[in-house]
*Asks:* 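Have a look at this one.
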Amino acid sequence: MAAFALTRAWRGRRLSRVPVITLMPHSRCNCRCIMCDIWKANRAGTSLEPAAVERLVGDLRALGVRWVVLSGGEALLHPNLWALCAALKELPLKITLLSSGLLLERHAAAIVTWCDEVIVSLDGPEATHNRIRGIKDAYASLAAGVDALRRQRADYPVAARCVVQRGNFQEMSATVDSAKALGLDSISFLGADLASTAFNRPQAWEGERMEEVGLDPADCDALDAILDALAARHGGDFASRFIQESPARLRRISAQYRAARGVAAPPSVRCNAPWVSAVVEADGTVRPCFFHEPIGNLRDATLPEVLNGPVARAFRAGLDMDTNPTCRRCVCTLKL
């Protein structure tokens, strides 16, 4: 009993240092991706206000934040993004920009000035990428954007992230080749989130949407064979970490899809996101990660106050990742 109480006390402890903050400066997106509903729910868009940014910089300093990830929506749609980044750079921290890639060329000079690296979404070879993005020339815009960044600085770091789903899982090897053709530094893969209400979904997917994006058990068997072939063909890319995950780690994707279909248990979870990071949305909403419910809002309190308030501490104290359904279904764990 004492050990259990001690564990709960540790989980619910106050957070004095939070190394990573994911910041969503703007809620709208300029893609129409199959696996995401942000573009449906945020046609007008909400931007993080300048006054909120000024307060937030002080909060980040107090929490010892060392890494800010600009997510969204599409962060490059924020009307004053570079003023925001300039404020953030008053602190000794790294800024990573997550982007669809459509606006990289337009903002290349400012990106290289204010952001330490960019991670772009890549869904496959050109035709596949355009289809999944729902944008006719998405791949060409991405290619032009990467070229523009590299013209600004030849060694500027640009990596790719690919969501593996029904529409592209058979093209993983071709996606690696496309990342190389684009001149990217690396690529990582993860499965699609099917089960949460994150990314402005009114409810978790089921029925037609699940079929459109998710893999069925036969697809999962095919994916396992594809991963075997990927390991054989791209052994050097795994060894050099051009492909960021190991072959064994990539197997989690098929395991997660099997679990979503109820034909297998979810893979085990190793994540400490609620203790080392937080997500701040464009309207000030604060979450312990992308997928859990809000724990407060910056309109009502400072970020340290939110993270150490009764709602946040009770959430962390009661969180058992081995049994929590949101954690068990998570496709994007963090372990620092």
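It should be emphasised that the depicted structure is a prediction, and the values quoted were computed from it without experimental measurement.
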*Asks:* Please name the pair of heavy atoms, one in L76 and one in H107, separated by the smallest distance, quoted to 0.1 Å.
*Replies:*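 Scanning both residues, the minimum pair turns out to be O-NE2, 3.9 Å.
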
*Asks:* When you compare the side chain of R11 with that of D320, does any pair of heavy atoms fall below 4.5 Å?
*Replies:*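 Yes, side chains in contact.
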
*Asks:* Roughly how far, to the nearest 0.5 Å, is CD of E117 from CH2 of W67?
*Replies:*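 It comes to 6.5 Å.
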
*Asks:* What are the two closest non-hydrogen atoms of L56 and L23, and how far apart are they?
*Replies:*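 Where L56 meets L23 most closely, the heavy atoms are CD2-CD1, 3.7 Å.
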
*Asks:* Distance from H234 atom NE2 to L227 atom CG, nearest 0.5 Å?
*Replies:*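 That separation rounds to 11.5 Å.
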
*Asks:* Report the distance from atom CD of Q165 to atom CG of L190, rounding to the nearest 0.5 Å.
*Replies:*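 Taking CD in Q165 and CG in L190, the distance rounds to 10.0 Å.
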
*Asks:* Decide yes or no on salt bridge (Lys or Arg N to Asp or Glu O under 4.0 Å) for D185 and R150, but give the supporting numbers first.
*Replies:* CA-CA 12 Å; D185 297 309; R150 293 288 169 65; 3.1 Å; yes

*Asks:* Between R316 and P274, which heavy-atom pair has the shortest distance, and what is it?
*Replies:*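 It is CD-O, 3.3 Å.
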
*Asks:* For the atom pair CD1 (I111) and CG (L104), what is the distance rounded to the nearest 0.5 Å?
*Replies:*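 Reported value, rounded in 0.5 Å steps: 5.0 Å.
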
*Asks:* Should R153 and D116 count as an ion pair when the cut-off is N to O under 4.0 Å?
*Replies:*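 Looking at R153 and D116, the cut-off is not met.
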
*Asks:* Compare every heavy atom of R261 with every heavy atom of P217, then report the nearest pair and how far apart it is.
*Replies:*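 Heavy atoms only, the tightest pair is CD-CG, 4.2 Å.
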
*Asks:* Where do E281 and L48 come nearest, in terms of heavy atoms and distance?
*Replies:*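 Smallest heavy-atom distance, with atoms named: O-CD1, 4.0 Å.
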
*Asks:* Specify the closest pair of heavy atoms between I119 and A160, including all atoms of both residues, with the distance to one decimal.
*Replies:*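 Smallest heavy-atom distance, with atoms named: CG2-C, 4.2 Å.
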
*Asks:* How long is the span from the CG atom in D177 to the CE atom in M172, to the nearest 0.5 Å?
*Replies:*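 Between D177 CG and M172 CE, I get 12.0 Å after rounding to 0.5 Å.
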
*Asks:* Can you tell me if Q170 has over 12 outside heavy atoms packed within less than 6.0 Å of its CD?
*Replies:*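 12 or below, so no.
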
*Asks:* For Y139 and H129, take the angle between the two ring planes, folded into 0 to 90°, and tell me which bin it lands in: parallel under 30, tilted 30 to 60, perpendicular over 60.
*Replies:*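 Judged by the thresholds at 30° and 60°, the geometry between Y139 and H129 is perpendicular.
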
*Asks:* Can you tell me which residue among D219, V331, L215, D216 is in a side chain to side chain contact (heavy atoms under 4.5 Å, CB included) with Y257?
*Replies:*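 Exactly one candidate clears the test, L215.
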
*Asks:* Does any part of the side chain of L97, heavy atoms only, come nearer than 4.5 Å to the side chain of W114, both counted from C-beta?
*Replies:*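 In short, these two side chains do not touch, never coming nearer than 4.5 Å.
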
*Asks:* Could you tell me whether R258 and D224 have a side-chain N and a carboxylate O separated by less than 4.0 Å?
*Replies:*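 Salt bridge flag = yes for D224 with R258.
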
*Asks:* If you measure only the distance, is there a donor-acceptor pair under 3.5 Å linking the side chains of N168 and T128?
*Replies:*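 The criterion, which ignores hydrogens and geometry beyond distance, is not satisfied for T128 and N168.
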
*Asks:* About how many Å separate CZ of R14 and CZ of R313, when rounded to the nearest 0.5 Å?
*Replies:*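 Going from the CZ atom of R313 to the CZ atom of R14 covers 6.0 Å.
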
*Asks:* Are V263 and L194 linked, directly or through other ILVMFWY residues, by side chains that come within less than 4.5 angstrom of each other?
*Replies:*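 No, V263 and L194 fall in different hydrophobic clusters.
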
